[in-house]
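Okay, so here's the structure we're looking at.
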Amino acid sequence: MGFAVLTLLLAAPAVVLIAKTLATASLSAIAAQVVFALFMLMLSFATRVSSFRQRSETVLGSSLMLFWLLLWGSTGALAAFLDSVITFVLVRRWRLLPLVSSTIYLQYFAGIIVYQALGAPLAPKILTVQVLIGALAALVTIEAFGALCQITYIAVRERISPRRALDKVAFSILPELLLFPVNILLLLVWTNFGPAPSLVLAPAIGSTLWLLLQALRYSLKGEELKALYSFEQALQTHVRREDVLWCLAERAMRAGVVPHLLAADVNESRTHLIPVQTTGFFAQHHQDVIPVSPDLSASLAEAGKSVLIGDVTEHSPGMELDPRIQSLLIVPLVSSSGIEGAILAGHETKHFFHEDHVRFLSNLANQASLALSRVALYQYLMETSLRDETTGLYNRRYFQKALDAEMKRAERYGPPFCLLTFDIDHFKRVNDTFGHLRGDLVLHDVARITLESVREGIDTTARTGGEEFHILLPATDSVQGAVIAERLRKNMENHPFQNESHPLKVTISIGLAVFPHHSRDRTELIRKADEALYEAKRGGRNRFCITPHPEPKTRVLFRLPKRAPQGLSLWDEQTGLFHEKYLAYRLREEVARPDRQDSPCSLILLSPTVSPGISAERIREMAPFIRGAIRMGIDCPSLLEGGEIAVLLPEMDKGPAIFLAERLARELSAFVPCESGTIGHRVASCPRDATTEEDLWSRLTEAHL
């Protein structure tokens with residue numbers, strides 16, 4: 001709709017002006033316009049420079065049009081119109097012919113009108129200030145009008161901002177400006193000495209055009225090399241296939257090659273494309289996989305040959321495309337191992353792509369293919385460095401990193417996790433009796449059964465020794481861990497390990513340790529699991545053991561109903577501090593707030609370092625100081641049943657809470673008798689240390705003074 005409106009707005013006045021010119025001009029004048037139009041046509045085809053990255057072309061023949069206008073006036077604009085019509089007829093671009101021809105005619109007509117409006121004469125014999133100013137004004141008008149029409153057309157066609165469209169048309173303006181002195185010189189020679197002597201300037205003008213043509217081509221080549229170098233630099237940081245293909249599509253879009261592009265992987269049979277990154281029409285016409293016809297697949301596989309389809313309605317690529325895509329360019333991504341993927345570039349104009357597009361996208365594809373080979377090698381090296389070669393399980397190095405990461409996760413978010421360690425009972429007998437090759441097969445089967453017995457993608461299984469294995473079970477307590485361990489033991493016991501003569505019976509012994517109940521230290525946690533494993537072996541093997549551990553104590557403070565009862569007593573009348581039960585409800589509300597990630601809260605516990613609690617008399621003395629040191633109406637200082645003091649600090653992170661706790665402990669120590677030591681402090685924060693009130697209190701009571 002926008003294209004039709006734009007065409008109508010420009011074609012209507014152009015038709016009226018052309019008709020008026022034809023009605024008033026002499027036959028000799030019209031014949032001169034035809035001759036000059038043919039001259040410009042030949043010169044244009046000889047000097048065409050294609051800026052495929054901006055999707056535009058520059059022809060230096062039109063750069064001499066200003067000389068013709070200053071010689072003939074508005075009648076001279078007819079030559080530019082005829083040139084454009086003949087050109088578009090030859091290339092069969094019927095849809096754009098009315099719009100482009102009207103634009104070209106109107107821009108030159110407007111330019112000469114401005115020239116004459118400034119009082120400058122046609123065919124001047126001397127160069128006056130008035131002629132120079134008029135010629136410059138005409139040139140500016142011509143270029144501004146043409147650029148405005150091009151920007152509007154590109155913005156409507158590609159649905160981009162006018163500023164982005166301006167970058168695409170700036171390239172075509174430069175030759176007109178550079179050849180302005182040539183037009184003035186040719187005009188003065190023509191008007192003073194006639195057409196014949198003007199031919200003396202032909203070699204000079206031809207040399208100027210040739211030099212300008214080479215400069216433009218080298219400039220475009222430099223921009224292309226710069227884009228390729230930038231793409232190569234961007235690829236260096238990517239270590240995943242999808243990141244490489246995303247970068248490929250992003251850089252091709254940034255270079256302005258095509259607005260509609262798809263970067264895809266291929267399946268193993270090379271029959272389907274798997275989209276990874278899409279833009280334009282490809283993104284709007286989303287598909288999970290794109291089937292490829294056998295002929296097209298063969299063409300892509302044949303030495304990585306690109307496929308250029310000028311009209312998809314006449315030569316179907318055998319894949320479902322957006323109906324707006326009229327021309328298609330397919331560039332394969334080829335490595336030493338075969339086709340790695342493909343780039344699909346589409347355009348709504350038939351026969352849009354040419355060899356420059358193929359060359360540029362092929363260069364991008366070659367760099368992307370090298371990056372994909374590097375990524376594949378990196379992934380292979382990572383896998384081989386982190387996995388055991390015999391079993392395919394993770395090795396000790398990866399297990400140590402995974403254990404450290406899981407400990408940090410549990411420290412922050414609270415849920416315990418289990419560590420299982422097991423080894424094969426009497427595995428040395430298997431090697432000594434049946435040989436090490438049979439032993440390796442047993443290890444491989446043990447690894448497979450282990451993976452089938454745990455949660456895929458959640459639990460981490462590693463071979464950490466000869467016949468020793470470890471399993472990390474995230475968010476798993478001792479009861480759940482025992483169920484998994486027993487299931488693993490039974491699966492191993494019941495599996496018929498095949499041997500050459502008879503089935504081989506293989507059993508395992510398992511030990512289990514729980515974080516943080518057995519230990520918060522990595523080495524100590526592994527030692528606890530090993531102790532349980534040795535206990536299972538001493539008990540006769542083919543069994544599971546867990547070292548007893550003290551269950552975490554849950555204070556009565558948190559064994560309360562979810563809702564506060566009616567008539568709940570808030571504070572102690574003698575001290576003015578809140579009661580323990582009220583603190584529990586307040587803490588539950590603060591921890592459960594949905595914006596807790598952005599609004600942390602902290603809890604302080606104050607108690608003497610020697611005696612178990614603070615006497616009631618001392619607490620009454622301390623209470624006024626505590627109330628004066630906190631934010632009244634916000635913080636919640638509470639008296640606990642054991643003679644300790646807890647302070648809930650809403651909207652306060654751990655750092656400021658520690659500072660306040662240190663000051664309170666230092667000042668309150670003056671109220672404590674010498675035999676009770678000093679006041680110690682402990683601080684825990686949500687969500688940094690825990691995400692539930694029980695875990696927060698557990699972290700607080702387990703903290704060191």
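Every value quoted in this text rests on a predicted model; they were computed, and no experiment measured them. Hydrogens, waters and symmetry mates are skipped; everything else that's a heavy atom, side chains included, is used.
Of the possible donor and acceptor atoms, none in the side chain of Gln326 sits under 3.5 Å from a partner among the backbone N and O of His347. Without hydrogens or angle criteria, Thr191 side chain to Pro124 main chain gives a donor-acceptor distance under 3.5 Å. For Tyr115 (side chain) and Gly73 (main-chain N/O), no donor-acceptor pair under 3.5 Å exists by modelled atom type. In this structure, Lys125 contributes its side chain and Asn192 its backbone to no donor-acceptor pair below 3.5 Å. No donor-acceptor pair closer than 3.5 Å links the side chain of Gln107 to the backbone N or O of Thr141.
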- Message: Determine whether Asp83 and Phe36 satisfy the following criterion, side-chain contact (heavy atoms from CB on, under 4.5 Å), listing intermediate values before the conclusion.
- Response: CA-CA 9 Å; Asp83 173 47; Phe36 191 74; over 6 Å; no

- Query: After noting the C-alpha distance and the side-chain angles of Leu122 and Gln116, does the key distance pass the side-chain contact (heavy atoms from CB on, under 4.5 Å) rule?
  - Reply: CA-CA 8 Å; Leu122 293 176; Gln116 291 181 307; 3.2 Å; yes

- Query: Ile112 and Trp68: side-chain contact (heavy atoms from CB on, under 4.5 Å), yes or no, with the steps?
  - Reply: CA-CA 10 Å; Ile112 195 59; Trp68 194 250; over 6 Å; no

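Results of the side-chain contact (heavy atoms from CB on, under 4.5 Å) test with Tyr105 over Leu82, Val100, Thr21, Val85 single out Thr21 as the only residue that passes. For the side-chain contact (heavy atoms from CB on, under 4.5 Å) criterion with Leu78, the lone passing option out of Leu22, Leu17, Val34 is Leu22.
Across all their heavy atoms, Ile325 and Gly346 have their closest contact at CG2-CA, 4.0 Å. The two residues Ala77 and Tyr108 come nearest to each other via the heavy atoms CB-CB, 4.1 Å.
Taking Ser102 as the reference, nothing meets the side-chain hydrogen bond (donor to acceptor under 3.5 Å, both in side chains) condition, with sequence neighbours excluded.
The 12-atom threshold is exceeded at CG of Leu90, counting heavy atoms of other residues, nucleotides or ligands nearer than 6.0 Å.
Using a 4.5 Å heavy-atom threshold, the side chains of Phe81 and Gln33 count as separate.
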